[in-house]
Amino acid sequence: MKKFLNKPVNLVAELLEGFVLANADKLKLAGTNLVVRTNPKSKNKVALVTLGGSGHEPALSGFVGYGMLDISVPGEIFAAPGPPRVIEALRLANRPAGVLFVVLNHAGDVMTANIVMEMAKKEGLNVKQILTHEDISTGPRDNPDERRGLVGALPVIKVAGAAAEQRRSLDDCLAIATRMEANSATLAVAVSGATHPCTGEPIATFADDEMVVGMGQHGEAGTGSQKLASADKTAEIMLPMLLDDLKIKPGEQVLALLNGVGSTTLMELYLVLRRINQLLAEKKISLARSLVGQFLTVQEMGGFQMFIARMDPELLRLWDAPCNTPALTK
Amino acid sequence: MKKFLNKPVNLVAELLEGFVLANADKLKLAGTNLVVRTNPKSKNKVALVTLGGSGHEPALSGFVGYGMLDISVPGEIFAAPGPPRVIEALRLANRPAGVLFVVLNHAGDVMTANIVMEMAKKEGLNVKQILTHEDISTGPRDNPDERRGLVGALPVIKVAGAAAEQRRSLDDCLAIATRMEANSATLAVAVSGATHPCTGEPIATFADDEMVVGMGQHGEAGTGSQKLASADKTAEIMLPMLLDDLKIKPGEQVLALLNGVGSTTLMELYLVLRRINQLLAEKKISLARSLVGQFLTVQEMGGFQMFIARMDPELLRLWDAPCNTPALTK
Amino acid sequence: MPDRIDYNILVRMLHAAVQQVRDNHQNLSRLDSFGGDGDHGTTMLRAMELLSKTIDSSPKQLPQLLHDIGWAIMGVDGGAAGPLFGTFFMSMSEAAAGKDSLDIPTLATVFDSALAGVQKRTKAQVGDKTMIDALVPAVRALRDAPDLATALQNAAAAAQSGADSTKNFKARFGRAKNAGDKSIGSPDPGATSVALIFRGFYQGFHSHG
Amino acid sequence: MPDRIDYNILVRMLHAAVQQVRDNHQNLSRLDSFGGDGDHGTTMLRAMELLSKTIDSSPKQLPQLLHDIGWAIMGVDGGAAGPLFGTFFMSMSEAAAGKDSLDIPTLATVFDSALAGVQKRTKAQVGDKTMIDALVPAVRALRDAPDLATALQNAAAAAQSGADSTKNFKARFGRAKNAGDKSIGSPDPGATSVALIFRGFYQGFHSHG
Ligand SMILES: Nc1ncnc2c1ncn2[C@@H]1O[C@H](COP(=O)(O)OP(=O)(O)O)[C@@H](O)[C@H]1O
Ligand SMILES: Nc1ncnc2c1ncn2[C@@H]1O[C@H](COP(=O)(O)OP(=O)(O)O)[C@@H](O)[C@H]1O
Ligand SMILES: [Mg+2]
Ligand SMILES: [Mg+2]
Ligand SMILES: [Mg+2]
Ligand SMILES: [Mg+2]
């Protein structure tokens, strides 16, 4: 893929400069390239902090703003930031109301998070951590360590962020985030690869008519290599796996989120959502809410992540609550 | 490109079904696949209506909602809708306050619009038309017929839509739209092609290291085939052409909009915006506002549209006014 | 051969035109793929299927049928061809107002009106590689013919050679104008459609026994 | 050969380790490209350049230097390697607290601490195709050597054969674990880095004249 780039070593710093410029009403940089709100949240409210590699724009810094995150610590391309900048973020966010620290389950992120949580404890910071790991393709539900954190971080941040704006306690925010997380499941499908913007190396390769169900954010191989299917058929393959994992029963309400990872169009995602709605109706499951967009991308990779969550009235209320971030505004 | 599709003949109908499902709080279908607001605007306010081909999601139906459009008439893939559904939309929107009809300058759209405007006149509908044609690559400023309408329709709809919500008259809304349009300029650059989702045929082809400045929305050849340049260099090539066309002088304020057309990432667009900001600063031109995103796409095509507009205080106020649509929320 | 085109004869002419496009739509798309976006055959096929359905659903009255066909084709949502061919039939209807059959001078007037209608929609002139290149000679050929059969035969022949002439032109209208020289060497798809339709008109008229 | 590693000798050892990575970073990235994401060489190079800068900026005091190096490498933002190698040096510093030079038993304790620190961060065991495969034998080899030169020579050799042994393993940690069998046949990049660093330590110590 041909990309408009400058020097690779400056890539993240430069993209952050443009990113905060494009969203100057919501965001600015603070400290060592930490993305923070232009208008900080009241110190009486729980703060939300996350970390993660760059190259997945608009994620994760695109979720900073009213109703969602307070600080995002962007790493290098596809690489977690190291502990120094993350502890800097936690110190900056620290407050009596407390800090909820959202970590997506990827080895590097978790390693950094563990180091930082030990430091935070030693320093007496008021921080609690929530780990998101809803990728059903990498491990069974009872082995959550193996499950990666994909786009499911978005709803977790959304509901916990809404709870924080409503001055709920840190324990409440954590409980809400945990409930959202526990009722979430994601499955990815990929049809074409991407190139690493620094090395120019291909991320994953595909046969001409191949699609891979379960492929990860960085081209980690999935188990489900199969022939490229129609939008309807793809929904028919993937949705039951998610419903099964969550053991969703007739009469329950779900949120469906379709996250395009790059060159798969919104057009295609709308077709998939349409079929999801039909399949859910057949099973008497209610599609209570849906969201379609490109939130957590993998450069120009083709494919998408299908996310389903069991919702309860409180989670729905928090999902609907106002937010104002570059990637999601309600 | 591998796409998740069903039968081509159903593509637009199905994608609209998914689209309104995903945005049920903002949109619904009415009449013959017209996209309308879920909560209609008061009849005392001017209504905004547009038409345009599908396959460019989220445009144009993604601009329907508070503060922007009232009705969008989506055509087939890359093809204008014919007059019958457009006149249906104008009849639906018609009101004493009047209707502003926004047309992007493409042959099919204009032909339909002309027919419909004649009918509207005969029927006594209270409609005025604004044509957007800000693509500087297809004709000189004094030959506006040759200039295509690209992403510049978005700011026109934004400021006119805001004026309409403020109960400005039809003449005022038209004058504001006209002023916005007259001060707008867009230049596109493409680096990789796309496939037509119905025919599977390639839209435009490129040499390995080629970029084409001025390529149109449907792969119409541009004049500026050259070697793929860095983000900085590309900004240095394109921005002066736009400033020149608009004759922007030191001390003036501009809006910059970078519209990714498909597989070009937000990451890359942020790099370009950063350089635009630097170049403007050198020329003592103020980057008053900026917007980066994928608003008007061409399937998985690689490239972007760079839009620059001269802003005045009123246009800035209208640009900043609230809006709530699938593609833009303020 | 009859000396008037009544509703029934018109229907035969229209059906034959539909059949011409059905048989040739793949070629029309192929021609559109050189300079345009490759959809002209699909659009014309959809237009002609709508035409055929309109014959069944419309009141059995000549000007009304032409009007309804024009309006149906206008709604084909396929880019330039829909409004242009839709205007063609609607403008025929306007000139046929109040008539339940067309003699040879009326037919000439009706097609003059069709051409004028289309020309109101586009600035394209003969030589710009559009449907105008087939339409103008076809309509002109209708004017001075001794009888309807000759008129329609001449029109079909003139449309065909008009379409053929576009081979060597460079497109100056429609999507193809942006394709530079790519369309040189193959005829314009829209002009080819016009030739097919006039061929169908003649065949449908002629087959009337 | 000296029987204690003081600040100056440590700096030589560190500089030599930096040089090893500078000379071999492209190979490290190449190794990472089979199963991982191809960035290990870049990350290690950045880590080592930071190490080198830290030597210049940090107070000239042995445990403090190790601490500052560890913290600098932690901040390299390059994925798994930063925290792991950062922990390595920070844990060395903890065990060296209060010492301005290291004799052979202290050196063994310092590296034991480094290994323990890294192991606190990962569940990877010998055989899982990670840096652990080079680190464990290297640290073990340091323990029973008669003098510093032999200790560092043995450690370098053990790290190298530990790294070599990973060739035949299938990755079970880090990004490479998702690549299936793709990494079989080539050594683990992180283990190779450990071998380079220990080789540097030995060379730097040895070159001390
Ligand atoms: N402005 C125009 N004036 C006259 N004829 C036109 C014009 N634009 C297109 N056409 C005709 O329409 C044909 C293309 O039709 P079609 O492919 O169906 O529409 P589109 O170009 O919108 O895809 C051209 O071959 C040409 O004959
Ligand atoms: N969980 C882990 N435990 C031990 N070592 C690991 C782990 N993850 C990665 N490594 C080591 O790090 C190396 C990869 O480092 P690097 O490429 O810099 O980071 P990343 O994998 O995040 O891109 C691997 O070769 C391996 O030796
Ligand atoms: Mg066409
Ligand atoms: Mg078309
Ligand atoms: Mg790596
Ligand atoms: Mg990495």
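The chains referred to below are lettered A, B, ... by the order of the sequence lines, with proteins before strands, and numbering in each begins at 1. Just so we're clear, the structure is a prediction, and the values are computed from it rather than from any experiment.
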Is there a donor-acceptor pair under 3.5 Å between the side chain of A:S290 and the backbone N or O of B:L21? yes
Interchain contact, B:D209 with chain A, by part (heavy-atom threshold 4.5 Å): backbone
Taking all non-hydrogen atoms of both residues, which atom of A:K3 and which atom of B:E268 are closest, and how far apart? CA-OE1, 3.1 Å
Heavy-atom distances under 4.5 Å only: say whether B:N324 touches chain A with side chain, backbone, both or neither. neither
Answer key: most heavy-atom pairs under 4.5 Å with chain A among B:L258, B:V272, B:N277, B:V292 is B:N277
Turns out that what part of B:L328 lies under 4.5 Å from chain A's heavy atoms comes down to neither
Go through the atoms of A:V189 and report whether side chain, backbone, both or neither lie under 4.5 Å from a heavy atom of chain B. side chain
Under 4.5 Å from a heavy atom of chain A, the part of B:V20 involved: neither
Under a 4.5 Å heavy-atom cut-off, does chain B meet the side chain of A:I77, its backbone, both or neither? side chain
Exercise: identify the closest heavy-atom pair between B:G303 and A:F4: CA-CE1, 4.3 Å
Below 4.5 Å, heavy-atom pairs only: which of B:E210, B:K233, B:R289 has the largest tally toward chain A? B:E210
Output, in order, the C-alpha distance, side-chain angles, deciding distance and verdict of side-chain contact (heavy atoms from CB on, under 4.5 Å) for B:Q294 and A:Q294. CA-CA 9 Å; B:Q294 285 148 344; A:Q294 286 150 343; 3.2 Å; yes
Name the member of B:D208, B:L291, B:N23 that forms the most heavy-atom pairs with chain A at distances under 4.5 Å. B:D208
Mind running side-chain contact (heavy atoms from CB on, under 4.5 Å) on A:M1 and B:T264 for me, showing each step along the way? CA-CA 9 Å; A:M1 176 60 193; B:T264 293; 4.2 Å; yes
Non-hydrogen atoms of chain A under 4.5 Å away: do they reach the side chain of B:A229, the backbone, both or neither? backbone
When you compare the side chain of B:L11 with that of A:M267, does any pair of heavy atoms fall below 4.5 Å? yes
Sort A:T265 into side chain, backbone, both or neither according to what part of it lies under 4.5 angstrom from a heavy atom of chain B. side chain
Which portion of B:L5 sits near chain A, non-hydrogen atoms under 4.5 angstrom: both
Quick check on the interface: out of A:D320, A:L269, A:L228, A:L287, who has the most heavy-atom pairs with chain B under 4.5 Å? A:L228
